Colleague: 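Would you mind keeping the following structure in view while I ask a few things?
Computed from heavy atoms alone, side chains included, the values below leave out hydrogens, waters and symmetry copies. Since the structure is predicted, the reported quantities are computational estimates derived from the model, not experimental observations.
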Amino acid sequence: MTKGTTSKGERRNKSHTACRRCGKVSFHIQKKTCASCGYPSKRMRTYNWAQKAKGRRTNGTGRMRYMKTMTRRFKNGFREGTQAKKQSE
């Protein structure tokens with residue numbers, strides 16, 4: 001068997017397919033586990049030796065529908081249902 005172009009035509013079996021949790025093509029079909037996020041494990045797959053990969057899917061990478069208002073609400077002591085006081089001159 002030759003090493004070059006002819007052997008590249010032999011590669012037609014897919015070992016990985018799209019993962020339903022992370023969307024990457026990292027779900028191993030025979031092992032039934034995702035190489036990227038660790039699905040179907042309940043915990044997300046993360047390692048301290050991969051800081052860049054952690055940063056790609058941590059807080060602040062999405063819409064942050066709840067967290068984006070948190071700093072303002074914390075600053076005001078989480079008050080709710082009150083009117084702002086009129087500023088005295």
Side-chain angles (χ1 to χ4, degrees):
M1 182 118 198
T2 52
K3 296 190 280 189
T5 313
T6 52
S7 60
K8 299 292 179 190
E10 299 282 319
R11 305 185 300 178
R12 57 189 172 78
N13 298 328
K14 290 194 171 108
S15 59
H16 293 87
T17 187
C19 172
R20 56 167 67 138
R21 190 199 301 181
C22 66
K24 290 188 181 178
V25 185
S26 305
F27 189 79
H28 197 281
I29 298 167
Q30 285 185 321
K31 290 182 185 176
K32 297 276 192 284
T33 54
C34 179
S36 179
C37 71
Y39 181 83
S41 173
K42 290 183 182 71
R43 297 173 188 220
M44 285 289 278
R45 174 188 170 273
T46 54
Y47 292 103
N48 287 327
W49 48 258
Q51 269 105 19
K52 273 187 171 179
K54 275 179 149 186
R56 287 190 199 108
R57 60 175 131 216
T58 189
N59 294 348
T61 56
R63 278 175 61 190
M64 294 211 313
R65 297 185 288 292
Y66 175 73
M67 287 294 290
K68 70 175 142 190
T69 61
M70 190 59 76
T71 50
R72 173 172 49 82
R73 289 171 56 233
F74 172 76
K75 185 177 69 180
N76 296 317
F78 296 101
R79 65 178 176 214
E80 287 183 340
T82 58
Q83 282 294 99
K85 292 175 188 169
K86 298 234 173 170
Q87 289 185 343
S88 58
E89 292 181 37

Colleague: Measure the NZ-OG1 distance between Lys3 and Thr6 for me, rounded to the nearest 0.5 Å.
Modeller: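 Here the rounded value is 11.5 Å.
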Colleague: Verify the neighbour count for atom CZ of Arg73: are there more than 12 heavy atoms of other residues, nucleotides or ligands below 6.0 Å?
Modeller: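 Above 12, so yes.
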Colleague: Under 3.5 Å, which donor-acceptor pairs link side chains of residues 48-68 to any protein atom two or more places apart or in another chain?
Modeller:
from  : atom 1 : to    : atom 2 : distance (Å)
Asn48 : OD1    : Lys54 : NZ     : 2.6
Gln51 : NE2    : Asn48 : O      : 2.9
Arg57 : NH2    : Ser36 : O      : 3.2
Thr61 : OG1    : Thr58 : O      : 2.7

Colleague: Check whether any side-chain N or O of Arg21 sits under 3.5 Å from a backbone N or O of Pro40 as a donor-acceptor pair, and report yes or no.
Modeller: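 It does not hold such a pair.
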Colleague: Given the rule in the side chain to side chain contact (heavy atoms under 4.5 Å, CB included) test, do Cys19 and Cys37 qualify, once you have shown the distances and angles that lead to the verdict?
Modeller: CA-CA 9 Å; Cys19 172; Cys37 71; 3.7 Å; yes
Colleague: Any chance you could measure Thr17, atom OG1, to Lys14, atom NZ, to the nearest 0.5 Å?
Modeller: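 Reported to 0.5 Å precision, the distance equals 7.5 Å.
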Colleague: In Å and rounded to the nearest 0.5 Å, what is the CZ to OG1 distance from Arg72 to Thr69?
Modeller: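 Interatomic distance, Arg72 CZ to Thr69 OG1, rounded to 0.5 Å: 6.0 Å.
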Colleague: Assess whether side chain to side chain contact (heavy atoms under 4.5 Å, CB included) is satisfied between Lys32 and Phe27, documenting all intermediate values.
Modeller: CA-CA 7 Å; Lys32 297 276 192 284; Phe27 189 79; 4.3 Å; yes
Colleague: Look at the rings of His16 and His28 and say which category their plane angle falls in: under 30° parallel, 30 to 60° tilted, over 60° perpendicular.
Modeller: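 Taking His28 first and then His16, their aromatic rings stand perpendicular (interplane angle over 60°).
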